Each structure stands twice: as structure tokens, then as C-alpha cells.
Amino acid sequence: MTTSASVALATPGVRACYGVRSRGRPGEVFAELTIAVDPSLDVAASHRIADEVERGVAEELKAREVVVHVEPAHSASDRGKGDGELAPE
């Protein structure tokens, strides 16, 4: 099953995905999620990754609106801990 988180985690540059919320019925799905990216990336690069996640989630889930928040990733030892964070394996 394709989920917002699985689409986000498959996007190059995404280190983790958490805080995923969605609602609606087919054709009227609204999704919101937070992705973690390399903290050394500049704002423009981080924004490009978020845009790619938005496009991917909208396309795969037929979502009407997708909101992606971007945060700096924690250290590798912290990934996958707390806040329901999902990290690639």
C-alpha cells in the first residue's frame, strides 16, 4: 500500500518523515507531513525536495492538496526516535 510516508521516504534527500496527517475521500484527499533533510542544505535545496515530495504524494495518492513542512534531520543516531518519526531502513 502506498502511503504519504512511503512516497516521501522514497524521495531523494528525505532522511525521515513524521507528523503525517491526511483526511478526505478519493479525489478530495488532503495530506500534511513533515520531512527531515540534511541540515547543511540551503533553503532553496530543501524547498526543492519538499516540492518533489508534494508532487509525488499528490500524484500517487490523488491528493487535492499536500502540505510539506521541512525540518533539519537529527544526527544518524537520533533518526527514527521520538515523535513517531519514520526513517528509511
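For clarity, every value in this text was computed on a predicted model and none was experimentally measured.
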Next on the checklist: side-chain contact (heavy atoms from CB on, under 4.5 Å) for Y18 and E71? Distances and angles first, verdict last.
Outcome noted: CA-CA 10 Å; Y18 54 97; E71 296 291 338; 3.5 Å; yes
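- Annotation: salt bridge (Lys or Arg N to Asp or Glu O under 4.0 Å) contacts of E28 (sequence neighbours excluded): R25.
- Taking every heavy atom of both residues into account, A50 and V70 meet most closely at CB-CG2, 3.6 Å.
- Using a distance-only test at 3.5 Å, with no hydrogens or angles considered, no donor-acceptor pair links the side chain of S6 to the main chain of T2.
- With contacts defined as side-chain heavy-atom distances shorter than 4.5 Å, the pair H69/E32 qualifies.
- Annotation: side chain to side chain donor-acceptor pair (under 3.5 Å) contacts of R55 (sequence neighbours excluded): E52.
- A73 and A36 make their closest contact through CA-CB, 3.8 Å (heavy atoms, listed as atom of the first residue, atom of the second, distance).
- With rounding to the nearest 0.5 angstrom, the CZ atom of R15 is 11.5 Å from the NE2 atom of H74.
- With rounding to the nearest 0.5 Å, the separation of CG in D51 from OG1 in T11 is 11.5 Å.
- Taking hydrophobic clusters as Ile, Leu, Val, Met, Phe, Trp and Tyr residues chained together by side-chain heavy-atom distances below 4.5 Å, V29 does not share a cluster with V20.
- Closest non-hydrogen pair, V7 versus G56, comes out as CG1-C, 3.5 Å.
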Checklist entry - Under the side-chain contact (heavy atoms from CB on, under 4.5 Å) criterion, do C17 and T34 qualify, and how do the steps go? => result CA-CA 6 Å; C17 176; T34 301; over 6 Å; no
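- Atom CG of L9 and atom CD1 of I35 lie 9.5 Å apart (nearest 0.5 Å).
- Here the CG atom belonging to D38 is positioned 8.0 Å from the OG atom belonging to S46, to the nearest 0.5 angstrom.
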Item to check | Check against side-chain contact (heavy atoms from CB on, under 4.5 Å), V67 and L33 | outcome: CA-CA 7 Å; V67 176; L33 59 142; over 6 Å; no
Item to check | Check against side-chain contact (heavy atoms from CB on, under 4.5 Å), I49 and V14 | outcome: CA-CA 7 Å; I49 294 168; V14 175; 3.7 Å; yes
